[in-house]
Q: 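The following block contains the structure, expressed as structure tokens.
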Amino acid sequence: MNQAQQMYALGLDQCVTLIGAIGHQRTVLIQGDLGNGKSSTLPELGKLKPTHRTFYVDCTSLDLGDIMIPMIMEIDENSKFVRYVTNEELGLHTNGPVIIMIDEFGKANPSVKLAL
């Protein structure tokens, strides 16, 4: 790790604190070596924010239909359009605060990246 990388490096507990503080306004990307505990931030965030429900999304196993489901809407008998409904896997159906961990975003199918 060079000096510039060290300057911006945070421990996992610091990442949890950061996300807990600004995660409602900003997306935080955690990057690190395989097996260093990045995924363990989700249960820690759940403890930090006990009123929130946690949802884990593994991007490597998703296709576009897993994220959004088309729903045909009708204005009148001659006018129809498609509206996309977010799948329950993202937890947005709970009508409460959620924490969504989108894991392995860089390895996702391009259509999944666009949908997310």
Side-chain angles (χ1 to χ4, degrees):
M1 186 180 304
N2 65 36
Q3 188 176 11
Q5 289 172 320
Q6 286 178 346
M7 182 171 63
Y8 295 107
L10 299 176
L12 291 175
D13 57 336
Q14 293 171 309
C15 290
V16 169
T17 302
L18 174 67
I19 295 168
I22 67 168
H24 64 288
Q25 295 176 323
R26 299 283 185 266
T27 299
V28 177
L29 299 176
I30 301 175
Q31 188 176 17
D33 295 326
L34 178 66
N36 74 350
K38 297 177 297 293
S39 295
S40 67
T41 58
L42 184 62
E44 292 303 314
L45 282 165
K47 292 176 191 173
L48 184 66
K49 303 279 187 179
T51 60
H52 291 56
R53 294 194 57 200
T54 59
F55 292 89
Y56 175 83
V57 178
D58 179 10
C59 290
T60 61
S61 65
L62 293 179
D63 200 359
L64 183 58
D66 297 321
I67 298 170
M68 296 186 154
I69 303 165
M71 181 171 65
I72 307 298
M73 304 294 292
E74 191 172 306
I75 297 171
D76 57 41
E77 62 185 51
N78 297 318
S79 302
K80 296 179 182 172
F81 65 95
V82 176
R83 177 181 221 173
Y84 286 91
V85 179
T86 305
N87 193 315
E88 289 182 357
E89 187 172 358
L90 296 177
L92 302 179
H93 66 290
T94 62
N95 293 326
V98 297
I99 300 168
I100 305 171
M101 173 178 266
I102 300 177
D103 199 13
E104 299 291 358
F105 181 79
K107 296 179 183 177
N109 181 314
S111 63
V112 170
K113 288 181 185 178
L114 287 173
L116 289 171

Q: Return the minimal non-hydrogen interatomic distance between Gly32 and Lys38, and the atom names on each side.
A: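 Closest approach of Gly32 to Lys38: O-NZ, 3.3 Å.
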
Q: Looking at Gly20 and Leu48, what are the two nearest heavy atoms and their distance?
A: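 Of all heavy-atom pairs spanning Gly20 and Leu48, the closest is CA-CD2, 3.7 Å.
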
Q: Tell me whether Met71 is reachable from Ile75 by hopping between hydrophobic residues (I, L, V, M, F, W, Y) whose side-chain heavy atoms are closer than 4.5 Å.
A: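 Yes; tracing contacts between hydrophobic side chains, which count when under 4.5 Å, links both residues.
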
Q: With the side chain counted from C-beta on, respond yes when Leu116 and Ile67 share a heavy-atom pair under 4.5 Å apart, and no when they do not.
A: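 Of all side-chain heavy-atom pairs linking Ile67 with Leu116, at least one is under 4.5 Å.
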
Q: Hey, which of Ile102, Val112, Asn109 is the one that makes side-chain contact (heavy atoms from CB on, under 4.5 Å) with Leu62?
A: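 Looking at Ile102, Val112, Asn109, the match for Leu62 under the side-chain contact (heavy atoms from CB on, under 4.5 Å) is Val112.
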
Q: If I take atom CD1 from residue Ile30 and atom OG1 from residue Thr41, how far apart are they, to the nearest 0.5 angstrom?
A: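 Output value for this atom pair is 4.0 Å.
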
Q: Does the side chain of Thr17 reach to within under 4.5 Å of the side chain of Asp13, using non-hydrogen atoms?
A: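 No. Closest side-chain heavy atoms not under 4.5 Å.
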
Q: Are Ile99 and Met101 close enough that some pair of their side-chain heavy atoms sits under 4.5 Å apart?
A: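 They are not in side-chain contact.
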
Q: Going by the rule salt bridge (charged side-chain N to carboxylate O under 4.0 Å, His left out), which residues pair with Lys113 if we only count those two or more places apart in sequence or in a different chain?
A: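 If we apply the salt bridge (charged side-chain N to carboxylate O under 4.0 Å, His left out) test to Lys113, skipping adjacent residues, there are no hits.
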
Q: Among residues two or more places apart or on two chains, list those pairs meeting side chain to side chain donor-acceptor pair (under 3.5 Å) that have a residue in residues 45-56.
A: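 Passing the test, one end in residues 45-56: Glu44-Lys47, Tyr56-Asp103.
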
Q: Kindly check if the number of other-residue, nucleotide or ligand heavy atoms within 6.0 Å of CD (Gln31) is above 12?
A: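 For Gln31, atom CD is not crowded (no more than 12 foreign heavy atoms under 6.0 Å).
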
Q: For the pair Phe55 and Thr94, evaluate side-chain contact (heavy atoms from CB on, under 4.5 Å) and give the outcome as yes or no after the intermediate values.
A: CA-CA 11 Å; Phe55 292 89; Thr94 62; 3.8 Å; yes

Q: Is it the case that the side chain of Lys80 and the backbone of Ile72 share a donor-acceptor pair, with hydrogens and angles ignored and the cut-off at 3.5 Å?
A: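 Pair absent, no side-chain N/O of Lys80 close to backbone of Ile72.
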
Q: Quick one: CG on Asn36 to CG on Leu12, what's the gap to the nearest 0.5 Å?
A: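 Result: 5.5 Å between the selected atoms.
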
Q: Please report the shortest heavy-atom distance between Asp58 and Thr60, naming the atom on each side.
A: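 Shortest heavy-atom contact: OD1-OG1, 2.8 Å.
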
